[in-house]
Structures are given as structure tokens and as C-alpha cells.
Amino acid sequence: MEIASKYNPRAVEEKWYSFWLEKKLFHSEPDRRKPYTVVIPPPNVTGVLHMGHMLNNTIQDVLVRRARMMGKNACWVPGTDHASISTEAKVVKMLAERGINKRDLSRDEYMKYAWEWKEKYGGIILNQLRKLGASCDWDRTAFTMDDIRYESVIRVFVDLYNKGLIYRGARMVNWDPQALTAVSDEEVIYKESHGKLFYLKYFVDGEDKYIVVATTRPETIMGDTAVCVHPEDERYQWLKGKKVIVPGVGRVVPIIMDEYVDREFGTGALKITPAHDINDYNLGMKYSLDSIDIFNDNGTLNDNGGKYAGMDRFACRKAIMKDLEEAGLVEKIEDYENKVGHSERTDAVIEPKLSTQWFMKMSDIAKKALEVVEDGTIKFHPEKFKNTYRHWLENIKDWCISRQLWWGHQIPAWYLPEGGFVVAENADDALRLAKEKTGNANLTAADLRQDSDCLDTWFSSWLWPLSLFNGILEPDNDEIRYYYPTADLITAPDIIFFWVARMIMAGEEYAHQVPFRNVYFTGIVRDKLGRKMSKSLGNSPDPIELINKFGADGVRVGMLLTAPAGNDLPFDEALCEQGRNFSNKIWNAMRLVKGWSVDENLPQSEENRTSLLWFESHLNKTLASIEDDFSKYRLSNALMTTYKLVWDDFCSWLLEMIKPAYQKPIDKATYDTVIALFEKLMCMLHPFMPFITEEIWHILGERPDTESIMIATMPKAQSFDENIIKDFETAKEVIIGVRGLRNSKGISPKEVLHLCERGNGGNAFDGIIIKLCNIDGIERVADKVENALSFMVGSTEYYVPFSQNIDKEAELKKLEEELKYTEGFLNSVMKKLSNERFVNNAPEKVVAVERQKQADAEQKIAALKAQIEALK
RNA sequence: GGGAGUUUAGCUCAGCUGGUUCAGAGCACUUGCCUUACAAGCAAGGGGUCAUUGGUUCGAAUCCAAUAACUCCCACCA
């Protein structure tokens with residue numbers, strides 16, 4: 001049967017993925033084996049796969065598949081996140097397109113649409129992961145808003161409230177005027193932006209003098225209730241106790257003096273708008289200033305905005321400045337660079353806003369979370385993220401957990417008719433508590449009004465490792481006991497605070513144990529120009545197209561080859577191409593081996609036996625190094641090492657060494673061993689390239705469809721013979737030497753040559769040298785050989801007699817250059833050795849090495865001189 | 001403003017506790033090959049003052065200090 005010379009991934013991938021599903025090979029149940037648990041960082045339910053997911057999930061799959069082959073009970077739990085804000089934004093937009101306004105819908109009606117949307121788009125991303133080969137236990141697929149997860153969130157909220165860790169209060173929060181909700185500090189992204197600094201004149205009440213105040217936000221003057229200067233600022237002492245008139249507004253406000261003001265900035269005078277700036281708010285509290293809120297929730301001016309009411313904040317800025325300039329109240333306008341907070345999800349400019357929200361106290365719980373990372377119970381890879389983590393936890397502020405959205409877990413607080421509220425897991429409990437609290441036994445459910453807000457998305461994802469195994473509702477169930485704590489968490493560093501830190505807190509609080517042992521931080525996938533891949537830039541390739549083009553295995557290899565932990569990954573399609581080429585290489589190695597005919601009666605040659613012994617030793621040595629790489633989470637290293645083992649050592653060397661002559665059979669012992677080695681390599685490669693390895697493993701072993709490489713045993717490093725590896729290294733150099741001569745002299749590979757080695761060495765690989773160099777034999781000679789091309793390996797001379805004209809000049813030049821270099825080298829060694837301080841201070845071993853270098857160099861120089869003599 | 005990190009070949013990166021892993025790998029590049037597994041390939045090559053400057057040391061890519069450039073995180077400077 002003819003096998004195509006090009007590997008075709010598509011059919012193979014589809015075939016094996018459904019095979020794995022059918023055989024339930026991804027599924028895990030607790031048993032006697034050791035567990036290896038990984039929980040997926042749940043992607044947004046309405047999201048589509050991007051390159052970051054590709055990298056992240058490839059890494060997880062590599063670790064999970066490897067653990068499974070190492071005999072562990074691997075369980076990789078998939079799921080999606082309801083992503084409160086971004087999903088709500090998408091649903092609202094979808095409704096708007098259908099001419100429906102969210103405000104016209106009841107909560108129930110709205111949620112119906114939202115769930116429909118979720119059902120329609122929710123599966124996409126998980127299906128895309130299947131194309132990548134992800135070996136998730138799909139039976140366990142969870143959603144942060146499914147029943148168990150929803151109830152877990154509510155249970156935790158009530159519990160934390162009862163413990164006094166959750167409270168409700170009026171604070172200055174980050175308001176997203178587009179999503180119409182508060183967001184946490186972590187959800188505010190500060191971006192450098194060029195704006196203007198406006199210098200405005202505030203006239204002193206009743207006088208003709210004025211003070212100039214610099215501001216970036218002139219539209220907020222409607223809310224000004226004071227102007228503040230530094231108490232020791234000599235320029236403004238005359239203002240003490242006076243009042244000024246807010247330009248264009250006419251309101252008379254006091255001058256206050258506080259050391260908060262930076263005298264160097266602007267004019268040293270600061271306008272105070274307590275309702276719209278956190279610092280101003282603090283000063284407002286300190287000096288009992290009025291707080292005038294001038295904005296509506298959507299960022300337009302409210303009735304306090306006077307003639308600007310209804311105008312958007314940025315339009316208002318322009319309008320006000322125009323009016324002020326016309327009124328002569330603007331001194332100057334400067335360009336100014338500053339950082340402006342944007343909403344992580346909607347990118348809207350964040351408006352500081354005073355509002356009543358739910359908060360979680362963080363200081364105590366943070367301490368425990370810091371401890372377990374500091375003492376190494378949880379390890380970060382790379383370790384540098386410990387610093388970031390520590391810094392955040394040491395300066396942590398309370399977490400604003402309420403969101404003015406519907407898509408999420410509704411806050412389980414019920415307000416009482418006469419004020420106050422109760423917190424309970426359900427409406428019945430709430431009613432009972434309400435009756436107790438008010439002493440009013442006649443209350444009915446209709447008297448209570450549940451808080452309409454929902455919780456921050458991260459308030460559900462922080463429970464993920466616990467809630468996946470139902471560890472919140474049933475803290476001592478079999479699954480949580482078996483699978484928790486999970487082994488490795490693979491995630492991007494940008495959610496270290498949002499997610500990683502908080503999961504650690506939840507673990508401590510609800511399981512009294514860490515949620516995972518290791519955190520592997522991936523890098524950020526960037527384009528060739530170093531830009532972060534993003535939808536708006538349009539610089540992110542479509543992962544599914546990449547898979548179609550290069551095969552899932554090829555793309556996986558491409559992602560991993562250059563992705564050391566914590567380092568950004570400059571993505572280049574060429575890497576996937578390299579991965580695809582590698583697939584093809586493996587495919588063709590299989591074609592070669594399967595093309596051999598086996599002769600049961602043919603005895604195994606000494607050359608074949610030695611070749612296989614060499615490769616087995618080399619394989620074991622390499623395995624040890626790969627195991628070391630994995631223990632340090634150096635996946636790209638492990639992959640590159642395996643890649644070279646397969647391509648260079650197995651294909652380019654071993655297969656060439658044992659390859660029978662054209663149309664000649666191979667002996668059975670060699671054939672069987674090669675197949676076994678090939679299979680071992682496929683096992684080693686399987687975690688990286690699951691599809692092609694399964695395909696080849698089946699072809700090589702002619703296995704029934706009941707078996708799978710997925711559950712084959714991962715080869716383990718065994719002892720190896722260092723000598724045979726060394727001998728082969730020498731043989732390799734001889735082979736490369738001869739090939740080099742052919743290459744530089746233009747001698748065809750088909751022309752049979754003769755090789756002389758000066759000395760009476762003899763190497764176990766002589767037969768291999770003869771085969772791979774196309775020479776008629778190796779002759780040991782005592783003396784230099786005339787009329788020959790020459791090269792050296794170490795200090796041994798080799799000659800290839802060559803009848804045609806030898807370019808003596810060129811040969812001489814080459815030899816003399818080498819002689820010169822070696823003499824220089826010897827010189828430097830001698831210099832070291834003649835340095836008494838070196839000989840006295842350096843360890844004996846190091847000195848011995850130098851002496852050996854000296855001896856070798858001297859021998860080589862002698863040999864080179866002899867060769868030069870021979871030529872002359 | 002505070003903190004962390006990076007700087008080694010054209011590109012992306014290894015290089016651990018200073019000395020035979022010491023100047024490496026992959027890709028790219030050059031040359032020659034359509035050799036009966038593979039041109040998505042084979043063979044052979046070229047290529048680096050280890051950012052700069054000092055210091056420690058018998059010895060520094062490696063340790064220390066300063067400088068420069070870049071990256072990231074955190075922080076309420078209008």
C-alpha cells in the first residue's frame with residue numbers, strides 16, 4: 001500500500017479525537033492512583049478562542065497528558081465563565097439591534113434573553129479547544145452560573161457576611177458609565193493619554209483679584225465646592241479665609257488650606273470636586289464640604305449641570321471651555337500627558353463616583369494567602385511573580401463586589417420595608433430572618449425586596465477549584481477529598497490579582513488548604529512587532545485557521561517552541577510551519593521504517609547492534625534531561641530536546657546507520673528494536689503532538705482500536721553507557737570530516753573513497769563510518785600519508801588518498817591556520833600554568849584539566865606539523 | 001513616584017552554585033545536492049567585544065557597583 005509522502009493532519013485529528021471521546025479516555029473518576037488535577041482558567045462563555053487561549057491550553061494539555069502517561073489519574077476540568085460585564089454588554093447590544101431596550105425589560109425577561117444568548121454562543125470556545133486536542137474531562141464541564149456554582153457563590157456570600165467580612169457601604173467607587181456599573185480597582189486600566197491642562201481664573205468674592213487653578217477636567221467645575229492651596233504657600237497667604245467664585249458657575253466657595261496640595265504642580269491651587277475625585281472626596285470629608293454630584297450614571301450631566309444638563313461629559317468639557325474663554329476666565333491651556341482610568345471590559349473612561357456598594361474586607365484573608373506563597377507551599381513559575389504578588393497583598397484594599405448588572409449571581413440581600421436588610425441563602429430564610437429582625441410576624445415575601453445588583457464575576461471564579469468538585473456545598477465529599485488541592489494552575493500573569501490571589505484566599509477560607517501547588521504563568525502572545533495581540537489591532541491570527549493550515553500538532557509545537565514561562569511570546573507563523581515540517585518528518589520516518597522487509601533468518605550485524613546500543617544510551621541520557629526540564633516547567637526546552645532527539649539523532653543518524661541497502665531486507669532483531677524505539681519516541685512526543693503520535697503508534701504496532709497511546713507508559717530515564725556515547729561522538733566527527741572533504745572538494749557522494757587513520761585505534765563504529773562515508777575501509781597507518789586530503793579529530797590524523805590534483809597551496813594554508821590557532825591556544829594555556837597564583841589557588845581538578853589541554857595541544861601541533869611536512 | 005525584570009549570532013532564546021557544556025540551540029542565511037522516507041528534504045558551512053564602564057578574583061557571559069536602553073507591575077498628583 002502506498003502511503004502519501006505528505007502528512008495530512010485533518011483526517012487524522014478528527015479520527016482520533018472522536019476515538020478518545022468515544023473511549024472516554026479523558027474521563028476521570030477517583031480511584032487508587034494518584035490524582036493529577038488541573039482546572040481550566042474558564043474562558044468567557046461568549047468568547048472565541050484567541051492565541052492566548054491556544055498557548056495556555058496547549059501547556060495544560062501537555063502537562064495533563066504527560067501526567068496521565070506517567071500513571072496518574074489525570075483530571076482536567078473544563079468550563080466557562082459567565083463574564084458578567086462583557087456578556088451583559090453583548091446581550092444589551094444584541095437586544096438593541098433587535099430594537100429592544102434593556103430598561104424596558106423585567107429582570108426575568110432580560111435573563112431569558114441572556115440565557116438564550118449563552119446557549120447559542122456558549123459552546124463555541126469549548127468546541128474550539130477540542131480542535132486543539134485538549135484532553136479535558138468534558139463530562140465535568142462546568143459554568144460559573146450553573147446550579148452548583150451558583151449556590152456555592154450564594155453560600156459563600158452569606159457565610160462571609162455572617163463572619164463580618166462582607167459589608168455594605170457608601171464609598172467612592174470606579175464607575176463605568178457605559179456598562180452602568182461599579183467596577184473593582186483591579187478592573188481599571190490606567191492608560192497614558194494626551195490631554196490638556198486648563199488654567200482657569202477663580203475671582204475672589206467681592207474683589208477684583210483672582211487665583212488661577214489648573215485642572216484637566218473643567219467640566220467638573222459644576223461640582224466645585226472649594227479651592228485648596230498649601231498652607232505654607234507664600235503666594236496664597238493673602239487668600240486665607242476668603243472665598244472665590246467658581247468661573248462660569250457663579251457659586252461662591254471657600255479657600256481651604258491643606259498640605260495635600262503639591263505646590264509645584266500647576267499653580268499650586270487645586271479645585272475641589274468632592275463628588276468626582278477620590279482625593280477631593282477625602283478633602284471634602286475632612287473639611288465638611290458640600291458634595292455636588294453633577295453626573296448621571298451614563299456620564300451625561302444631570303440637573304446640577306445647569307445649562308449643560310443632558311450633555312455628555314466630554315462634549316460638556318468643550319462647551320464649558322468655549323464659554324469660559326468667551327468670558328475671559330481662561331488664563332492658558334497647556335498640553336498635558338496623564339494617566340486616565342479606563343474600564344477593563346468596556347474601555348470607557350472611568351468616573352469616580354460616590355455610591356453604596358457591597359465590599360469584602362481583605363486584610364486578614366490576604367495575610368494567609370501571602371504566607372502560603374512566601375513559605376513555598378505554592379510555587380510560582382517563574383518565581384519573580386512572588387514580588388508582584390507580595391506587593392499587592394501587602395497593600396490590598398477592600399474589594400468592591402457588587403455590580404449594577406443582572407447577568408450574574410444576584411446578591412442575596414433583602415431589604416426590609418422600614419429600612420435595613422437581611423442576608424440569606426434564599427427568600428424563605430430571608431423572610432424568617434426579617435421577621436426575627438423586625439419582630440413583625442406579619443411580613444410576607446412581597447414586603448421584601450431583593451437587592452437587584454449582582455456580584456463581581458471574580459466572586460464566582462475565585463471559588464473555581466473548590467466549586468468544580470462541589471467543595472463549597474459539600475465540603476467533605478469524595479471528589480473534593482481526592483482531587484483537591486489541584487496540582488498545577490496555568491494562567492496568564494495579568495490575572496494574578498483578579499484570580500490567582502483570590503483563589504488562594506478562598507482555598508484557605510473554605511478548605512484550609514491551598515488550591516494548587518504550582519502556578520505556571522504563561523507569557524503574553526505578541527505579534528512580530530511586539531504588540532499585544534488584540535481584536536482592535538486585528539493582529540491576531542485565527543487559531544482555527546492556523547490549525548487548518550498547519551495541523552493542531554504543528555500549531556502546538558509552534559506555540560511551545562518559544563514560550564518559556566513568564567516570557568512573552570513573539571508569535572510567528574513560521575513557528576507553526578516548523579511544527580508542521582516536524583510532523584512531516586516523523587511521518588516520513590514512519591514511511592521508511594514501514595517500507596522495510598524483514599528477513600527472519602538474517603542475523604543481526606555487529607554494526608546494527610552497536611548502533612542500537614548507542615541510541616538506547618543516548619535516549620536514556622536525553623530522557624533524564626527532559627525529566628529535569630519538566631520538573632522545572634521548562635516545556636519549550638523539553639520539546640526542543642525531544643525534537644532534536646527525533647529529527648537529528650533518530651532520523652538523521654540512527655535510521656541512516658541501520659538502513660538496509662536498496663531493496664535489501666532488514667534483520668528481525670534490528671527491526672523490532674527500531675520499532676520499539678520509534679514507539680518510545682512517540683510516547684515522549686505525545687503530550688506535545690497528540691494526534692500524529694497516536695496515528696503513528698497505531699501504524700507501527702498494528703494495534704487494535706482498543707488501545708491508545710494516551711494511556712501508554714511514558715518512558716523513564718534508565719542508566720546509560722557514557723562510553724558508547726563518547727565513541728559515537730568521535731565516529732560522528734570522522735564522518736563529518738570525510739563528508740566535509742567531499743563537500744569542499746566537490747567529490748560526489750557516489751565516489752568510493754579510502755580512509756587512513758594514523759595510529760592503531762579502532763572504534764566500535766568503524767563499520768558505521770564506512771557505511772555513512774561511502775569508503776572502502778579504514779586503514780590504520782603508522783605514518784603520514786602522501787598525496788592525500790587530511791583532517792583531524794581531536795589529535796588523531798585522518799587521510800583520504802586522493803589521486804587528482806590536490807590544491808597544495810590551499811591545503812597548506814588551511815593547515816597553517818589551524819596550526820597558528822592551536823599554538824595560540826597552547827600559549828594561553830601555558831600562560832595560565834606558569835602563573836603561580838593559578839597553580840596554587842585553583843582546585844587541582846581545574847589545573848589538571850589545563851595540563852591535559854596542554855598535552856593535547858602539543859600533540860596536535862606535532863601532528864599538524866607532520867601533515868604540513870607531508871604536503872611539502 | 002515606588003518596585004520588578006530584560007539586554008548573549010540577523011530573529012527568538014538556553015547558559016544553574018564563577019574554571020571542559022563556555023561561547024550554545026532552533027529558525028533564518030550561504031554553498032552543493034530532485035541520493036530509491038521526507039525539497040515541508042539531505043549534506044556541508046559562515047556568523048557573537050555576551051549592552052557600556054569600573055570593581056572583586058589566579059580566573060567573569062556568570063558575582064558586585066554605576067551608566068544606558070527597553071519591558072512589565074503598582075500608586076489618587078489635580
Side-chain angles (χ1 to χ4, degrees), chain A residues 3 5-7 172 185 190 197-198 213-217 220 228 260-262 264-273 277-282 336 338-339 341 352 382 384-392 395 493-494 496-497 524 528 530 550 554 561-564 566-570 572 574-575 577-596 628 632 634 636-637 639-641 643-644 647 651-652 655-656 659 661-663 736 739-744 746 748-750 774 832 835-843 845-847 849-850 852-853:
Chain A
I3 311 175
S5 73
K6 295 266 188 290
Y7 170 62
M172 191 60 98
D185 294 342
Y190 287 89
L197 193 57
F198 305 91
V213 173
T215 180
T216 53
R217 302 202 58 195
T220 63
C228 188
Y260 166 75
V261 175
D262 176 0
E264 308 299 316
F265 189 90
T267 60
L270 171 68
K271 72 186 204 60
I272 305 297
T273 319
D277 183 279
I278 178 70
N279 302 300
D280 293 11
Y281 172 76
N282 292 337
Y336 184 64
N338 70 336
K339 297 215 168 182
K384 66 178 177 186
F385 288 108
K386 260 172 104 165
N387 295 322
T388 314
Y389 181 82
R390 182 188 311 115
H391 185 259
W392 186 71
N395 297 285
D494 52 352
I496 183 170
F497 308 133
I524 291 165
K528 274 184 254 185
F550 301 109
L561 271 179
T562 177
N567 268 26
D568 284 1
L569 168 93
D572 190 335
L575 294 163
E577 202 179 324
Q578 193 182 347
R580 178 201 60 178
N581 294 354
F582 186 42
S583 302
N584 205 50
K585 185 70 191 178
I586 299 165
W587 182 252
N588 278 291
M590 179 277 290
R591 286 210 308 144
L592 172 68
V593 171
K594 289 302 282 181
W596 289 335
D628 183 55
K632 292 171 181 150
R634 301 198 313 199
S636 44
N637 242 8
L639 173 57
M640 182 43 75
T641 306
Y643 175 95
K644 285 190 283 186
W647 196 312
C651 294
S652 296
L655 293 184
E656 295 297 333
K659 189 174 172 177
Y662 184 52
Q663 291 190 334
I736 289 170
R739 283 174 177 174
L741 289 184
R742 281 188 193 276
N743 230 296
S744 60
S748 158
K750 287 173 185 160
N774 192 21
K832 253 191 202 178
N835 182 343
E836 264 180 54
R837 286 194 292 182
F838 170 74
V839 179
N840 294 337
N841 291 323
K845 244 169 78 183
V846 176
V847 179
V849 164
E850 291 301 316
Q852 187 59 48
K853 275 186 196 170

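Because only heavy atoms are used, hydrogens play no part in the values below, and waters and symmetry mates are left out as well, while side chains stay in. Note on naming: letters A, B, ... go to the chains in the order of the sequence lines (proteins, then strands), and numbering restarts at 1 for each one.
B:C73 and B:U30 have their P atoms separated by 39 Å, with the value rounded to a whole Å. Nucleotides B:A69 and B:C22 have their P atoms positioned 36 Å apart, rounded to a whole Å. As rounded to the nearest Å, B:G2 and B:G19 have C1' atoms that lie 40 Å from one another. A distance of about 30 Å separates the P atoms of B:A23 and B:A66, rounded to the whole Å. Only the P atoms considered, B:A9 is 8 Å distant from B:A51, to the nearest whole Å. The gap from the P atom of B:G45 to that of B:A40 amounts to 24 Å, rounded to the nearest Å. For the P atom pair drawn from B:A25 and B:G48, the interatomic distance equals 14 Å after rounding to whole Å. The gap from the C1' atom of B:A61 to that of B:U53 amounts to 16 Å, rounded to the nearest Å.
Here A:Lys386 lies out of heavy-atom contact (under 4.0 Å) with every strand. A:Tyr336 comes within 4.0 angstrom of sugar-phosphate atoms only, judged by non-hydrogen atoms across all strands, and of no base. Using a 4.0 Å heavy-atom cutoff across all strands shown, A:Val261 reaches at least one base atom of the nucleic acid. When heavy atoms are screened at a 4.0 angstrom cut-off, A:Arg634 is found touching the sugar-phosphate backbone but no base atom.
To the nearest angstrom, P of B:A14 lies 19 Å from OH of A:Tyr643. Rounded to whole angstrom, the span from the CG atom of A:Asn282 across to the C1' atom of B:A78 amounts to 14 Å. What separates CD of A:Glu850 from C1' of B:C22 is a distance of 13 Å, to the nearest Å. Atom OH of A:Tyr662 and atom P of B:U35 are 12 Å apart (whole Å). Rounded to whole Å, atom P of B:A37 lies 10 Å from atom CD of A:Gln663. As rounded to whole Å, 10 Å separates atom P of B:C74 from atom CD1 of A:Ile496. One can place CG of A:Asp262 at 10 Å from P of B:A78, the figure rounded to the nearest angstrom. Here B:A25 presents its C1' atom at 9 Å from CG of A:Asn637, a figure rounded to the nearest Å.
Nearest heavy-atom pair across A:Arg591 and A:Ser5 is NH2-CB, 3.1 Å. Contact between A:Gly268 and A:Val261 at its shortest, heavy atoms only, is O-CG1, 3.3 Å. The minimum heavy-atom distance between A:Val213 and A:Leu270, with the atom names listed, is CG1-C, 4.0 Å. Taking both residues in full, the closest heavy atoms of A:Thr216 and A:Phe198 are given as O-CE1, 3.9 Å, listed atom of the first, atom of the second, then distance. A:Tyr643 and A:Gln578 make their closest contact through OH-NE2, 3.3 Å (heavy atoms, listed as atom of the first residue, atom of the second, distance). Minimum heavy-atom separation, A:Gly266 to A:Ala214: CA-CB, 4.1 Å.
Comparing B:A78, B:G45, B:U31 by their nearest atom to the side chain of A:Ile736 picks out B:G45. Nearest to the side-chain atoms of A:Leu592 among the listed nucleotides B:A37, B:G26, B:C58 stands B:A37. Relative to the side chain of A:Phe265, the nucleotides B:A25, B:A78, B:C74 differ in distance, and B:A78 lies closest. Nearest to the side-chain atoms of A:Tyr260 among the listed nucleotides B:G5, B:C77, B:A44 stands B:C77.
In terms of phosphate contacts, A:Tyr190 brings no side-chain nitrogen or oxygen within less than 4.0 Å of OP1 or OP2 of B:C74.
Within the model, atoms SG of A:Cys228 and NZ of A:Lys271 stand 13.0 Å from one another, a figure rounded to the nearest 0.5 Å. With rounding to the nearest 0.5 angstrom, the CG atom of A:Leu592 is 9.0 Å from the CG atom of A:Asn588. Here the CG atom belonging to A:Asp628 is positioned 6.5 Å from the CZ atom belonging to A:Arg634, to the nearest 0.5 angstrom. Distance check: A:Met172 CE to A:Asn279 CG gives 9.0 Å after rounding to the nearest 0.5 Å.
A:Asn395 places a side-chain N or O within 3.5 Å of a backbone atom of A:His391 that can act as its donor or acceptor partner.
Applying the 90° cutoff around 0 to the glycosidic angle, B:U12 is assigned anti.
Taking the nucleotide of RNA chain B with the nearest heavy atom to each of A:Asn743 and A:Ala214, the more 5' of the two is matched to A:Asn743. In terms of position along RNA chain B, the nucleotide closest to A:Lys750 lies nearer the 5' end than the nucleotide closest to the other residue of the pair A:Glu264 and A:Lys750.
Classification of the A:Trp647-A:Phe582 ring pair by plane angle, with boundaries at 30° and 60°, yields parallel.
Remark: RNA chain B takes part in the stems B:1-7 with B:68-74, B:10-13 with B:24-27, B:29-33 with B:41-45, B:51-55 with B:63-67, each of 3 or more antiparallel Watson-Crick or G-U pairs, criterion distances under 3.5 Å.
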Set out, line by line, the N/O atom pairs under 3.5 Å between protein and nucleotides 38-42 of chain B.
residue : atom : partner  : partner atom : Å
B:C38   : O4'  : A:Asn588 : OD1          : 2.9
B:C38   : O4'  : A:Asn588 : ND2          : 3.4
B:C38   : O2'  : A:Asn584 : ND2          : 3.4
B:C38   : O2'  : A:Asn588 : ND2          : 3.4
B:C38   : O2   : A:Lys585 : NZ           : 3.0
B:C38   : N3   : A:Lys585 : NZ           : 2.8
B:A40   : O4'  : A:Asn581 : OD1          : 3.2
B:A40   : O2'  : A:Asn584 : ND2          : 3.0
B:A40   : N3   : A:Arg580 : NE           : 3.3
B:G41   : OP1  : A:Asn581 : ND2          : 3.4
B:G41   : O3'  : A:Lys585 : NZ           : 3.2
B:C42   : OP1  : A:Lys585 : NZ           : 2.6
B:C42   : OP1  : A:Trp647 : NE1          : 2.7

